[in-house]
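Order of the sequence lines fixes the chain letters, A, B, ..., with proteins taken first and strands second; residue numbering starts at 1 for each chain. Computed over heavy atoms, backbone and side chain alike; hydrogens, waters and symmetry mates excluded.
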2 protein chains.
Amino acid sequence: MASKLTAGDLQIITRIAVFRGLKAETVEHIIAPATALMLRPHDWIVRQDDPATAFFIVIDGWVKLYRSTQSGDETVIDIMTKGQSFAESVAFTGNRYMATAEAVSEARVARIPADHIVRCIRQSPDIALGMVASISQHMHHLMQQVEQLKAQSGVQRVAEFLASLSLTEQGHCAVALPYDKVLIAGRLGLTPESLSRAFARLRSIGVVVDASHVVVKDVAKLRQLANDDRSSVRGTLRAVR
Amino acid sequence: MASKLTAGDLQIITRIAVFRGLKAETVEHIIAPATALMLRPHDWIVRQDDPATAFFIVIDGWVKLYRSTQSGDETVIDIMTKGQSFAESVAFTGNRYMATAEAVSEARVARIPADHIVRCIRQSPDIALGMVASISQHMHHLMQQVEQLKAQSGVQRVAEFLASLSLTEQGHCAVALPYDKVLIAGRLGLTPESLSRAFARLRSIGVVVDASHVVVKDVAKLRQLANDDRSSVRGTLRAVR
DNA sequence: TAGCCGCCTTGATCTCGATCAAGAATTACC
DNA sequence: GGTAATTCTTGATCGAGATCAAGGCGGCTA
């Protein structure tokens, strides 16, 4: 299950947020004891509440972060892919993992032992600043999620999600849904049924969803819908078949 | 508006999360260039999207963190009080503040310049580890908030909020609401009307709210309600006058 | 003391999203 | 090929929470 990192893995790892601005040799020193995990769907990487001994970088595939409540159901916190890191902050502090990480596709993930990183930081503090920058991004993302859940309706969250998939700023575009709809629904705090109905409503402003294939007539309109005041959106958008 | 820190301020600052585990002299060195801000309600401390030049520790009073959407309304992210710090992560990275910070009562807040801290970290990396620990706490809190918004009903969030105010584990207890109900509602992602009705429903399990004074007959029951599955709570709890 | 202005509650109504149930479409597997 | 299991969609219904509107209450100022 665990193996060595390949040259290709290094390529990806060295150019991501956590290690940005560090010298190549510094990065190589940090990840010397790292290993690569090969995962199949439903394999887990870490368990919520386990003591943190490492942090991780997704090299390929998709990884779901979720929290389990006492009553048993799971809440999706985030879904990560190539070039994204997770669990940095707890790895440093020796706390417990805040969420379970589980592969939702075939995935390759680099595992960097915590104790080694802590030693590296004591030697060259610049590493810490890079890590803080990465953690800061995660915080920003979480804040945006809180904001979305509190201030936007379900349809608006779906619109924003689709807009975020598109690289263009405006006009026509086609994107592919990155993972299945049950998972997208969880990510957005909706049931699969509600997500399906949200798509149906977005058809009225020129969004066509067919399986994982999405065509958007005007991305700007999507973004505007997402950013409008909740109350000004209310009542517009009838479901279209 | 800005003045020097008093000995009492130091007392509070030195024993909080950010600086835990550091030697007293190290802490003193870090906060040497710090100043104290005296604030009146509605005074703001930092503005969302401004470049970060410092981070902050609340010495006394209450501070609201909120994000403004393009459409103008504000989403409460968190409410902080004595001994809590904010904006550490962006202060290090030189990013922009992720939210606006505003006093909601008379408040005293210490301001620690970012550039000085960064210099300190380069000298003694242990400081960075302490700061990461503090940031990690904030992340945990944000994740819990996402989880609550996605998995709990309004009444359950109110129940959890009340339980968190109580220091006892079980049995009878009396607590005071720390700030006004409009703000509590915002913090929990509810309207003031819905908060009021949530209180009315909790009366049926022995929670009496009178102005800012709350009496709970059995805290354990509150916690259980908060942690139950959403669907198993549905329909229970009728409003009581 | 009167008047006003926040804060809070209550009532009526409406929309959104969850839930329950069923069926279509796709894929996996024997 | 046929059957089963997933995944997704659609319909009907229900409850939670938002919204709109009104009124009570306490503190503030003139």
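- Atom CD of A/Q144 sits in a crowded spot, with more than 12 heavy atoms from other residues, nucleotides or ligands closer than 6.0 Å.
- Comparing B/S231 and B/D180 against DNA chain C, the residue whose closest nucleotide sits nearer the 5' end is B/D180.
- For B/R47, the CZ atom sits in a packed shell: over 12 heavy atoms of surrounding residues, nucleotides or ligands are nearer than 6.0 Å.
- Heavy-atom minimum distance, A/G186 versus B/K150: O-NZ, 3.3 Å.
- Interatomic distance, CG of B/L5 versus CD1 of B/I112, reported as 7.5 Å (0.5 Å rounding).
- One distance of note links CZ of B/R108 with CG of B/D9; it measures 4.0 Å at 0.5 Å rounding.
- No more than 12 heavy atoms of other residues, nucleotides or ligands lie within 6.0 Å of CD in B/Q170, so this atom counts as exposed by the packing criterion.
- For DNA chain D, no neighbouring residue in residues 143-158 of chain A is found when judged by any heavy atom under 4.0 Å.
- Where the helix from C/dT1-D/dA30 to C/dC30-D/dG1 starts and where it ends, the local axes point in directions that differ by 30°; five pairs per end, rounded to 10°.
- Remark: A/F55 pairs with no residue by the ring-ring contact (aromatic ring centres under 6.0 Å, His included) rule, at least two apart or across chains.
- None of A/D218, A/V219, A/V215, A/L162 except one satisfies the side chain to side chain contact (heavy atoms under 4.5 Å, CB included) rule with A/V207; the exception is A/L162.
- Taking B/F56 as the reference, B/F86 meet the ring-ring contact (aromatic ring centres under 6.0 Å, His included) condition, with sequence neighbours excluded.
- In this structure, B/F199 places its CZ atom 15 Å from C1' of C/dT10, rounding to the nearest Å.
- Residue contacts for A/R230: at a heavy-atom cut-off of 4.0 Å it reaches no nucleic acid atom on any strand shown.
- Between A/D210 atom CG and D/dT9 atom C1' the separation is 12 Å, expressed in whole Å.
- A/H141 meets the side chain to side chain donor-acceptor pair (under 3.5 Å) test with A/D78; sequence neighbours excluded.
- With hydrogens and angles left out, the side-chain atoms of A/T191 and A/R197 include no donor and acceptor closer than 3.5 Å.
- Against DNA chain C, the stretch residues 181-195 of chain B makes heavy-atom approaches under 4.0 Å through B/K181, B/V182, B/E193.
- Taking 3.5 Å as the limit, the base of C/dT19 and the side chain of A/R197 contain a donor-acceptor pair of atoms between them.
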